[in-house]
Undergrad: 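Pasting a structure here, questions to come.
Order of appearance sets the numbers: ligands from 1, and atoms from 1 within every ligand.
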Amino acid sequence: MAVDSTLSSAVGASVSENDAKALQFIEEMTKNVDSVQERILGEILSRNADTEYLKRFQLNGATDRDTFKSKVPVVTYEDLQPEIQRIANGDKSPILSSHPISEFLTSSGTSAGERKLMPTIHEELNRRQLLYSLLMPVMNLYVPGLDKGKGLYFLFIKAETKTPGGLLARPVLTSYYKSDHFKSRPYDPFNVYTSPNETILCPDSIQSMYAQMLCGLIMREEVLRVGAVFASGLLKAIRFLQVNWKQFAHDIETGTLNPKVTDPSVRECMSKILKPNPELAAFITKECSEENWECIITRIWPNTKYLDVIVTGAMAQYIPTLEYYSGGLPMACTMYASSECYFGLNLKPMCKPSEVSYTIMPNMAYFEFLPHDDSSAQDSSRDSPPRLVDLADLEVAKEYELIVTTYAGLCRYRVGDILRVTGFHNAAPQFRFIRRKNVLLSIDFDKTDESELQQAIENASVLLKEFNTSVVEYTSYADTKQIPGHYVIYWELFVKDAANAPTDEVLSQCCFQMEESLNVVYRQCRVADSIGPLEIRVVKNGTFEELMDYAISRGASINQYKVPRCVSFSPIMELLDSRVVSKHFSPALPHWTPERRR
Ligand code: AMP
């Protein structure tokens, strides 16, 4: 078993006492994966033994793995929807968890167009906090001196709502930033941010971004790392600077805050930070007024040692753009987490993005794995439960779907992520994030699957009926060449009467109708300007046949050929783009409010 020697040898070496404790903890957890997992399952099953959900499967007090695996089914969100709805409606009886559900975490994964609601309990905050507390001790092994400066992190809270029964429903990071764990965190020289809490906690995302960027500019010499949760968030911040740098330079020159920032607590805290500094204002004007924004991150923040952003999974599409803006700074993907559960961390955070592997911490939940390449194991029917593998028993190079059992009451829940085992740290497997199941298009937090795209196209094509026109074939593409990225839909149309063909106005309305039909996370990202207007590119008749010919020339079987519903391979893009006859964009923002439609 390959062991990351940097980490193992650091335990006991000259690291700070705090770091040594954290590294020791990682060593203990990863050496004792199986026994920790057994203990965690035992704890979850004994404390939740009297929940309505577990009683249904007649475990009769058993807390062992065999009984659990033989009696409790593997489930999806849709299977749990009735229980979740009852909790949301105010039923406080112990349905899924013996501990009261403290709030719902709204996932960026959707079900029937709405965000999934993940139940959580108060103590989960401690588990999340514990995982966060391991990140810097690992980073300090690779990057010295991070206590000598600050981190410029763009962190935001999002809209929250209440369920009919009065429970809060909000994203997991909003819940974390608003918690005392975050707000009253003790001073840690390795975790000093340029953004004061007031700017992160400002509910207006534009004012929040404005103030956080302004702080980053003012403290530019102190900044040692620049980050956001996901790559798309950091690119959004850069675009914000591109659009607003004149105003920032003005504020810095005069020492006055843009009057559009109206939040009193942000104004109050910025008044302590902002002082007239014409020299800095001139520097910002000089750097930002240049046409060329290559290396803008290192030009403005010259002491940056790395970018702290997730660029694995759907975010990998942003790596070239981030390399361009940062002059090739390392990109650290530090952790792997979700609304259901925080999973683990990257023990070699300075590795290349293509080599990132996450180590799941066995104390976070009970983890099982559905072999992904074994088609017989994919059947989740209740009669023949699929054979799931335990964390300690995984095999290198195999792919698995992640299944969790959490303290908050999710039992054998399919997260939907496909992971590949790349190796081990002690006895703990390490995982490459391969993909999320059923995601066709993603720009920011949005995840659009094939059936959602199909439905959106059907809804939009209703507008073509009066023009005796129909959509013969379609495919899609997530265009992230510009910020914000946008969805491109290629349409081949059958127009019966060329004299009555749909106009640009009609096709633009089709774009809008598609946007209206997409899920709530897509619409929210649109309204927040994290995704640009959807585009339809109409291609010449016969284009999709050419696409098939091309695929067959490259070895696809004629019998089994299916039109790909999403494309990204350059020769195919070039073929499609060379056949475009017209382009149309959505003229307006789709409808979005924080309230759920159902
Ligand atoms: P959410 O439930 O909205 O918090 O989204 C969680 C999902 O985001 C996970 O199940 C993954 O699909 C994705 N995700 C989280 N962390 C990472 C990561 N480090 N790399 C790739 N994908 C990630």
Undergrad: Within 45° of the axis and under 6.0 Å from the centre of the six-membered ring of Phe104, does NZ or CZ of Arg170 qualify?
TA: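 The answer is no, since Arg170 fails at least one limit relative to Phe104.
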Undergrad: For ligand 1, list all ligand N or O to protein N or O distances below 3.5 Å, rounded to 0.1 Å.
TA:
residue: ligand 1; atom: 2 (O); partner: Ser107; partner atom: OG; Å: 3.1
residue: ligand 1; atom: 2 (O); partner: Ser339; partner atom: N; Å: 3.3
residue: ligand 1; atom: 2 (O); partner: Ser339; partner atom: OG; Å: 2.8
residue: ligand 1; atom: 3 (O); partner: Ser108; partner atom: N; Å: 2.7
residue: ligand 1; atom: 3 (O); partner: Ser108; partner atom: OG; Å: 2.5
residue: ligand 1; atom: 4 (O); partner: Ser339; partner atom: N; Å: 3.3
residue: ligand 1; atom: 4 (O); partner: Ser339; partner atom: OG; Å: 3.2
residue: ligand 1; atom: 10 (O); partner: Asp417; partner atom: OD1; Å: 3.2
residue: ligand 1; atom: 10 (O); partner: Asp417; partner atom: OD2; Å: 2.7
residue: ligand 1; atom: 10 (O); partner: Arg436; partner atom: NH1; Å: 3.0
residue: ligand 1; atom: 12 (O); partner: Asp417; partner atom: OD1; Å: 2.8
residue: ligand 1; atom: 12 (O); partner: Asp417; partner atom: OD2; Å: 3.3
residue: ligand 1; atom: 12 (O); partner: Arg436; partner atom: NH1; Å: 3.3
residue: ligand 1; atom: 19 (N); partner: Met335; partner atom: O; Å: 2.9
residue: ligand 1; atom: 19 (N); partner: Tyr358; partner atom: OH; Å: 2.9
residue: ligand 1; atom: 20 (N); partner: Thr312; partner atom: OG1; Å: 2.6

Undergrad: Phe68 ring centre to Arg412 NZ or CZ under 6.0 Å, with the angle to the axis within 45°?
TA: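 The answer is yes; both the distance and angle limits are met.
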Undergrad: Would you mind checking if Arg523 and Glu515 are paired as a salt bridge, meaning a charged N to carboxylate O distance below 4.0 Å?
TA: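 Salt bridge flag = no for Arg523 with Glu515.
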Undergrad: Does atom CD (Gln482) have a neighbourhood of more than 12 heavy atoms from anything else shown, all under 6.0 Å?
TA: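 No, not enclosed.
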Undergrad: Could Glu160 and Lys178 be called an ion pair, given the rule that one side-chain N must be under 4.0 Å from one carboxylate O?
TA: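 Answer for the salt bridge query: yes.
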Undergrad: Which pairs, with at least one residue in residues 107-141 and sequence neighbours excluded, count as a ring-ring contact (aromatic ring centres under 6.0 Å, His included)?
TA: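 Residue pairs passing ring-ring contact (aromatic ring centres under 6.0 Å, His included), neighbours aside: Tyr132-Tyr176, Tyr132-Tyr342.
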